[in-house]
Amino acid sequence: MSARPPRSPTPVPFPATHQNIRHDSAPLHVAGTARYVDDMPEPPGLLHVALGQSAKAHARILSIDLSAVRAYPGVVAVVTSADIPGVNDVGPVVADDPIFAETLVEYVGQSLFAVAAETRIAARAAARLAKITYEELPAIITIADARAADSHVLPPKRVERGDPLGTLATAPYRLTGHLAMGGQDHFYLEGQISMAIPGEDGDMHILCSTQHPSEVQHLVARALGRPDNHVVVEVRRMGGGFGGKETQASLFAAAASLVADRTGRPAKLRLDRDDDMVMTGKRHDFEVAYDVGFDADGRILALDLTLESRCGMSTDLSGAINDRAVFHADNCYFLPNIRITSYRYKTHTVSNTAFRGFGGPQGMLAIEGVVDDIAHHLGRDPLAVRRANLYGGPGRDLTPYGMKVEDFIADSLLDRLESSSAYQARRTAIAAFNAASPVLKRGIACTPVKFGISFTTSFLNQAGALIQVYTDGSVLLNHGGTEMGQGLYTKVAQVVADVFGIGLDRVRITATRTDKVPNTSATAASAGADLNGMASFNAARTIRDRLSTFIAGRWGVEPSALSFAHGKVTAGEHAIRFDDLVRQAYLARISLSATGFYATPKIDVDKETLIGRPFYYFAYGAAVSEVVIDTLTGETKLLAVDILHDCGSSLNPVLDRGQVEGAYVQGMGWLILEELVFDAAGRLCTHAPSTYKIPGCGDIPDHFKVDLVTQPNREETIHRSKAVGEPPFMLAISAYHAIKAAVAAAGGSGPVTLDAPATPERVLMAVRARQSGTGV
Ligand code: MTE
Ligand code: HPA
Ligand code: MOS
């Protein structure tokens, strides 16, 4: 690690907002000097922690013998549930996530105890020496098991409008179908990690890789049996979170803190990749069944849709995730008569959790599957059927949950993309290619995205910031949002620099800390910049208003006549450098620090019925993907991708472009490459990159064109920008449907049955099923 002073950012244009400005940590990332928790200097006396894990999916614990663990050389302490001074739970919503299992285990990998040793290797070796006897109980592993056993973490929810069943019975066309979609491991490059440093008199300082410092603080305090004000959680950055660190960092932070509290020594817990994959929840896998009635144009008249998800052993965020699946089961389509039923199954597997899109992708894949099946059934271009179903003006603008779609632009995005990507010409060319190519078949698909922005748990839509201006005019910025690579810190700094009219290099970004800004929400729901950008804007405005009143009074002008720009404050012929103004304000005893707060307006939704306005606005996008498949092996290759994505008035187009590209590729991984396999005993078989295939450079198509739509948000978000973190994930649904189109070209007729992920095996089976059916 270099001891050289950090490079200041290259000079940036003023104003900074809406400019292409690189990620604040980019030079550090490239140089390898960006510090993650495991790069922090290790304090003297540091202990390394490992967790003992359950070997059974569902069992009563008859006995635990830890004598060999304790006797292992280098072991300093062992902590079990009996040693927890406070509450043995880290459940974020419902208290059903024990830190250490007491009498019952409910998934393979569940944490049983912590062992602390002088080295990580000793701790890990010792953890394996526990002798545990179990009485095995019947384990519910799959969605089918849970359905049969009527096993739920939360009661089912239903949203219904019109007369779906009556209309189904009379519709000119009717189709039923089924679709299974897999889960997804977050595969953040930096795994879960926490380092807990005990202070004096019961204080605890935790360096943690989490999207939700406040929740970690509160849950650790509860486990330690102390008030929240004894615990500080600090996060400078994560090496990716993707939702996997929205709730699930707490277990590891709690285990490290319990060790630190008990021994008085700092303690670090870092999972290796296999343990991280086994012990942390994933995207929920879903099964979808539908019964749809439509007309000859493919226009949906009635839909009865069932969504079933595997939540795992505890509630975690499964309620909100499945709610969001319901909220996205319309995608861009008006569904006049609709019934959506959502089942939240309890299984004896690791508790599934937030993952980019947060249930939205699953709901959206369901409806896109329905629309695509209708198109194949009618033998029509799926894009034409998609268009026929789009939200329109009055009478066709109400979502199933009763929110009016006021900002619909998916139709114009599809128009633009259809022509800029030459969709129709390529469709014709692909048909010609397929007619002449017996083995390789190509497919193309164009799908839209409409994604609701706001936490659907309305109270979470709040944020705070703290800004300090020093007497040299430099600014220190802190807010409740966390940086996980998405560029939030950069965007918020741009906003603050512009309020003061100073260069971005004068704004210093600092680590998120619960003792600076309290009671924050997770950085999630893509709302990081919307919430923290606005809270920081408000904090900066407070200080600027004080400076304005002060200098306007001196100059005898109206505060409204002042301009803050290019490092100067001016009014008519008056001018002062910002730094000099700050110095003078200090001498005049004017406060130079302020907090800021923001709460999203307009949102209101009924938690039980899901009716209302859960979202402040929608973000839109559309993508065209083209693939080629080998009908003898089932292999697929993504050939070309064209994307048009709506970022509102982008705060930083180059960062947003990175989000769009990354999200598409991650979505493509979910739908095509990444397969989680649990065996019948509930053991995860795919717990390393050797068996779990995430996208690599080779999976990125040669033609990958991303265009941003930068028309202003109609709602008053920060500088009229739109959230971008999650929405483009679902653009990858086009790649999956392109594969379905290619399978359809292999022969046969009617809908293509293809579950996700579309691995070579599944593609091959789909080709075979189709060829042996009605067709060739
Ligand atoms: N981008 C990077 N590089 N790393 C991440 O972990 N997480 C995604 C998205 N983009 C993620 C990311 C998820 S799940 C969310 S909710 C948003 O970023 C959170 O950040 P934001 O609200 O600031 O967009
Ligand atoms: N998105 C992400 N995280 C959340 C949400 C949401 O809608 N609700 C509660 N946590
Ligand atoms: Mo993102 S799944 O809301 O952390």
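First listed ligand is number 1; within each ligand, the first listed atom is number 1. These values consider heavy atoms only, across backbone and side chains, with no hydrogens, waters or symmetry-generated copies.
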Anything under 30° is parallel, anything over 60° is perpendicular, the rest tilted; go ahead and classify [X] against [Y].
X: Y401; Y: F327; value: perpendicular
X: F286; Y: H284; value: perpendicular
X: H719; Y: H18; value: perpendicular

Between ligand 1 and [X], is the shortest N or O to N or O distance under 3.5 Å?
X: G528; value: yes
X: Q486; value: yes
X: T523; value: no
X: G357; value: no

Minimum-distance protein heavy atom relative to [atom]:
atom: atom 3 (N) of ligand 2; result: E246 OE2, 2.8 Å
atom: atom 1 (Mo) of ligand 3; result: E726 OE2, 3.6 Å
atom: atom 8 (C) of ligand 1; result: R356 NE, 3.8 Å
atom: atom 7 (O) of ligand 2; result: R324 NH2, 3.0 Å
atom: atom 2 (C) of ligand 1; result: M484 O, 3.6 Å
atom: atom 15 (C) of ligand 1; result: E726 CG, 4.0 Å
atom: atom 17 (C) of ligand 1; result: G725 CA, 4.1 Å
atom: atom 5 (C) of ligand 2; result: F358 CE2, 3.3 Å
atom: atom 5 (C) of ligand 1; result: F242 CE2, 3.2 Å
atom: atom 8 (N) of ligand 2; result: T457 OG1, 3.5 Å
atom: atom 6 (O) of ligand 1; result: G241 N, 2.7 Å

Just go through S526, G533, G481 and tell me whose heavy atom is the nearest to atom 16 (S) of ligand 1.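 Considering heavy atoms of S526, G533, G481, the nearest to atom 16 (S) of ligand 1 sits in S526.
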Atoms of ligand 1, numbered as shown, that sit under 4.0 Å from any heavy atom of [X]:
X: A524; result: 16 (S)
X: A525; result: 16 (S)
X: G485; result: 2 (C), 3 (N)
X: G240; result: 6 (O)
X: G243; result: 14 (S)

Could you tell me the separation between the [atom1] atom of [X] and the [atom2] atom of [Y], rounded to the nearest 0.5 Å?
X: L477; Y: L466; atom1: CG; atom2: CG; answer: 9.0 Å
X: K722; Y: T717; atom1: NZ; atom2: OG1; answer: 8.5 Å
X: H687; Y: D275; atom1: NE2; atom2: CG; answer: 9.5 Å
X: I611; Y: T399; atom1: CD1; atom2: OG1; answer: 7.5 Å
X: Y692; Y: I694; atom1: OH; atom2: CD1; answer: 8.5 Å
X: N713; Y: I718; atom1: CG; atom2: CD1; answer: 11.5 Å

Closest non-hydrogen atom pair, F455 against A522: CZ-O, 3.3 Å
Over all heavy atoms of both residues, which pair between G182 and W670 is shortest? Give the atoms and the distance, please.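 So the minimum-distance heavy-atom pair works out to O-NE1, 2.8 Å.
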For D276, is there any backbone N or O sitting under 3.5 Å from a side-chain donor or acceptor partner on R273?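 Side chain of R273 to backbone of D276, a donor-acceptor pair under 3.5 Å: no, none is there.
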Can you list the atoms of ligand 2 that are under 4.0 Å from a heavy atom of L460?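 Checking each atom against L460, I get 9 (C), 10 (N).
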Can you list the atoms of ligand 3 that are under 4.0 Å from a heavy atom of [X]?
X: Q211; answer: 4 (O)
X: G243; answer: 2 (S), 4 (O)
X: F355; answer: 2 (S)
X: R356; answer: 2 (S)
X: E246; answer: 3 (O), 4 (O)

Any Lys/Arg nitrogen of D185 or K282 sitting under 4.0 Å from an Asp/Glu carboxylate oxygen of the other?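 Counted as a salt bridge, because a side-chain N and a carboxylate O are separated by less than 4.0 Å.
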List the steps and the verdict of side chain to side chain contact (heavy atoms under 4.5 Å, CB included) for K693 and D699. CA-CA 11 Å; K693 171 78 180 85; D699 299 303; 3.0 Å; yes
Could you go through H212 and T247, starting from their C-alpha distance and side-chain angles, then the distance that decides it, and tell me whether this counts as side chain to side chain contact (heavy atoms under 4.5 Å, CB included)? CA-CA 7 Å; H212 203 341; T247 60; 5.8 Å; no
Could you go step by step and tell me if I467 and L476 meet the side chain to side chain contact (heavy atoms under 4.5 Å, CB included) rule? CA-CA 6 Å; I467 294 181; L476 198 72; over 6 Å; no
Taking the cut-offs as 6.0 angstrom to the six-membered ring centre and 45 degrees off its axis, would you call R237 and Y489 a cation-pi pair? no
Assert yes or no for the condition that the ring centre distance of F408 to F618 is strictly below 6.0 Å. no
Select one of side chain, backbone, both or neither to describe which atoms of [X] lie under 4.0 Å from any atom of ligand 1, heavy atoms only.
X: A527; answer: backbone
X: Q659; answer: side chain
X: M238; answer: neither

Location of contacts on A525 toward ligand 3, heavy atoms closer than 4.0 Å: backbone
Quick one: does ligand 2 sit under 4.0 Å from the side chain of A320, the backbone, both or neither, non-hydrogen atoms only?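 Near ligand 2, A320 shows its side chain, while the N, CA, C and O stay back.
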